[in-house]
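To start, the structure itself, in structure tokens.
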Amino acid sequence: MIDLAAIQAARLQLQGQVQKTPFKHSRTLSDILGAEIWLKFENLQFTASFKERGALNRMLALSEQERKQGVIAVSAGNHAQGVAYHAQRMGVPAVIVMPRFTPTVKVANTRRFGAEVVLAGDTFDDAKAHGYELAQSRGLAMIHPYDDPAVMAGQGTLGLEMMEARPDLDMLVVAIGGGGLISGVATAAKAIKPDIEIIGVQTERFPSMYAAIRDVPMASGAYTIAEGIAVKSPGTLTEQVVRRLVDRIELVSEGEIEHAIVVLLEIEKTVVEGAGAAGLAALLQAQAAGRTDFRGKRIGLVLTGGNIDPLMLGELIERGMVRAGRLARIRVDLRDLPGALAHATKLIADAHANITEVHHQRAFTSLPVRNVEVDFVLQTRGPDHIQEVIEVLNAAGFAASNHDH
């Protein structure tokens with residue numbers, strides 16, 4: 001189906017048209033995880049995702065007639081941008097079908113590349129059905145996001161880059177949606193180093209490939225923060241490659257993906273979307289569970305994309321600060337007397353915590369009348385500092401407690 005030669009040919013085709021993205025060692029993540037961690041920054045591609053590799057490789061194989069007629073793609077976003085951008089560069093008309101709830105940043109970026117965007121269906125699979133109808137009725141060439149040998153070979157070029165930079169890697173951890181990326185990467189990596197471990201990662205809410213290779217039916221959820229890998233049914237071709245070359249698939253929780261996005265932002269100063277953080281999420285989750293099967297190994301992670309809605313990123317940063325104890329909500333019971341609130345805020349200020357919000361509650365409380373509940377949202381140095389603020393308030397006769405969760 002695809003082999004190392006197809007991936008090497010794809011690399012020649014793509015040369016100068018997609019970025020050869022950085023592949024860098026992360027000293028801090030290596031220290032945290034007890035393994036040597038190398039990051040492939042595919043979020044630095046022009047369309048902020050690896051998807052343009054496969055899309056372009058497939059489009060370069062179009063006949064003259066197909067180029068004139070135009071192409072169509074169905075995508076939750078990153079494949080769409082890859083197809084639209086390179087279609088614009090090649091002078092090929094492009095139609096992109098997206099599910100209706102695709103993040104606005106991805107819709108806007110796709111339109112910016114001059115493609116006709118059609119929003120149809122609530123899920124990727126609904127949109128796909130509509131896309132095939134349009135392809136038929138308008139005579140357009142379908143550029144599949146994953147289940148196509150040329151697409152798989154294009155995605156595999158990043159695996160080639162990783163292995164050539166670090167031939168001594170022991171393990172690659174790669175997110176799986178439809179399976180195009182891991183198929184290409186596993187084909188390249190195992191051809192170069194047959195004993196390398198290939199670990200796939202899916203979300204608990206969309207475990208389609210995980211279920212398929214176990215031949216166990218598993219339901220998909222309604223939503224995941226990693227919408228780039230929210231695929232309900234894996235590719236037919238990609239499933240065959242995964243069965244043959246992928247050592248195992250891990251499932252990660254939504255909370256762990258959120259945490260991994262914030263970790264990459266704080267430590268690496270790099271923005272990734274949910275799917276882009278899935279690999280790191282799997283390692284952090286394994287570490288939290290006390291597993292040691294990756295410790296001491298040289299591990300390559302692919303940061304697959306960086307197209308995240310800025311508003312969502314803002315929410316994730318705040319939630320990350322709460323988890324780290326740098327943002328806290330404490331509840332204080334006060335007598336409803338002049339100066340009581342001022343006294344409490346002075347104690348908090350003297351303890352060097354910064355108040356960002358105050359919610360003063362008279363009616364919705366079980367306290368006796370003439371007493372009020374006040375919730376303070378504070379910026380703090382960490383969990384110990386939160387405790388210190390509470391103890392200062394308690395010592396002054398205020399009943400204070402942590403109400404983070």
Side-chain angles (χ1 to χ4, degrees), residues 26-29 31-34 225 252-272 274 277 280-281 283-290 308-405:
S26 173
R27 195 186 309 175
T28 307
L29 287 179
D31 289 347
I32 289 168
L33 290 162
I225 187 175
V252 290
S253 70
E254 296 297 299
E256 211 59 77
I257 294 172
E258 285 186 24
H259 179 45
I261 291 171
V262 177
V263 166
L264 286 162
L265 190 64
E266 277 209 287
I267 290 173
E268 293 301 324
K269 312 296 179 272
T270 196
V271 173
V272 296
L280 178 59
L283 295 182
L284 291 169
Q285 189 168 279
Q287 183 184 53
I308 187 168
D309 189 305
L311 289 172
M312 181 189 281
L313 187 60
E315 284 180 42
L316 292 178
I317 292 168
E318 277 207 316
R319 287 164 69 133
M321 295 302 99
V322 171
R323 269 198 301 272
R326 307 249 299 275
L327 198 61
R329 184 175 59 170
I330 64 169
R331 179 162 291 173
V332 183
D333 300 344
L334 304 178
R335 291 293 309 279
D336 196 3
L337 297 171
L341 181 59
H343 185 196
T345 58
K346 184 175 187 314
L347 289 167
I348 291 168
D350 290 346
H352 305 293
N354 188 34
I355 300 169
T356 60
E357 289 176 42
V358 178
H359 301 276
H360 198 263
Q361 187 56 260
R362 277 188 175 83
F364 298 94
T365 174
S366 56
L367 293 176
V369 73
R370 308 301 293 167
N371 285 268
V372 293
E373 268 177 356
V374 182
D375 283 348
F376 293 99
V377 178
L378 310 176
Q379 290 172 341
T380 54
R381 292 190 299 269
D384 293 346
H385 191 199
I386 299 168
Q387 202 46 45
E388 188 187 314
V389 172
I390 289 170
E391 283 164 12
V392 165
L393 288 162
N394 288 341
F398 295 109
S401 57
N402 192 339
H403 272 253
D404 271 357
H405 305 297

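In plain terms, the two heavy atoms of L311 and D309 that are nearest each other are N-OD1, 2.9 Å. Scanning all heavy atoms of the two residues, the minimum distance from A400 to I390 falls at O-CG2, 3.5 Å. In terms of heavy-atom proximity, D333 sits nearest to E373 at OD1-CG, 3.5 Å. Between I386 and A328, the shortest heavy-atom contact is CD1-CB, 3.5 Å. Contact between A281 and A260 at its shortest, heavy atoms only, is N-CB, 3.7 Å. A pairwise comparison of heavy atoms in Q285 and V252 identifies OE1-CA, 3.6 Å as the closest pair.
The pair R319-E254 fails the salt-bridge criterion, with no side-chain N (NZ, NE, NH1 or NH2) lying under 4.0 Å from an Asp/Glu carboxylate O. The existence of a salt bridge linking R27 and D31 is excluded, since no basic side-chain nitrogen approaches an acidic carboxylate oxygen closer than 4.0 Å.
Atom CG of residue D375 and atom CD of residue E357 lie 10.0 Å apart, to the nearest 0.5 angstrom. Between D336 atom CG and L341 atom CG the span is 10.0 Å, to the nearest 0.5 Å. With rounding to the nearest 0.5 angstrom, the CZ atom of R326 is 8.5 Å from the OG1 atom of T380. Taking CD1 of I261 as the reference point, atom OG1 of T270 lies at 11.5 Å (rounded to 0.5 Å). Here CD1 of I317 is found 12.0 Å from CG of L327. Values are rounded to the nearest 0.5 Å. In this structure, L393 CG and R331 CZ are separated by 14.5 Å, a value rounded to the nearest 0.5 Å.
I348 is listed as a side-chain neighbour of L378, based on a closest heavy-atom distance under 4.5 Å. L316 is listed as a side-chain neighbour of I308, based on a closest heavy-atom distance under 4.5 Å. Contact annotation: the side chain of R329 never approaches that of H359 to less than 4.5 Å [non-hydrogen atoms, C-beta and beyond]. The shortest distance between side-chain heavy atoms of Q287 and L283 does not fall below 4.5 Å. Annotation: side chain of E258 is not in contact with side chain of M312 (no heavy-atom distance under 4.5 Å). V389 is not listed as a side-chain neighbour of F376, based on a closest heavy-atom distance of 4.5 Å or more. Looking at heavy atoms from C-beta onward, H403 lies out of side-chain contact with I330 at the 4.5 angstrom threshold. With a 4.5 Å cut-off on side-chain heavy atoms, V272 and L280 do not count as touching.
When the salt bridge (Lys or Arg N to Asp or Glu O under 4.0 Å) test is applied to E388, the partners found at least two apart in sequence or on another chain are R381.
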* To do: Please report the C-alpha distance between V392 and D350 in whole Å, then the side-chain angles of each, then the deciding distance to 0.1 Å, and finally whether the side-chain contact (heavy atoms from CB on, under 4.5 Å) criterion is met.
  => CA-CA 9 Å; V392 165; D350 290 346; over 6 Å; no
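Under the 3.5 Å distance criterion, the side-chain polar atoms of H385 are left unmatched by any main-chain donor or acceptor of G325.
Within a 6.0 Å radius of NE2 in H352, no more than 12 heavy atoms belonging to other residues, nucleotides or ligands are found.
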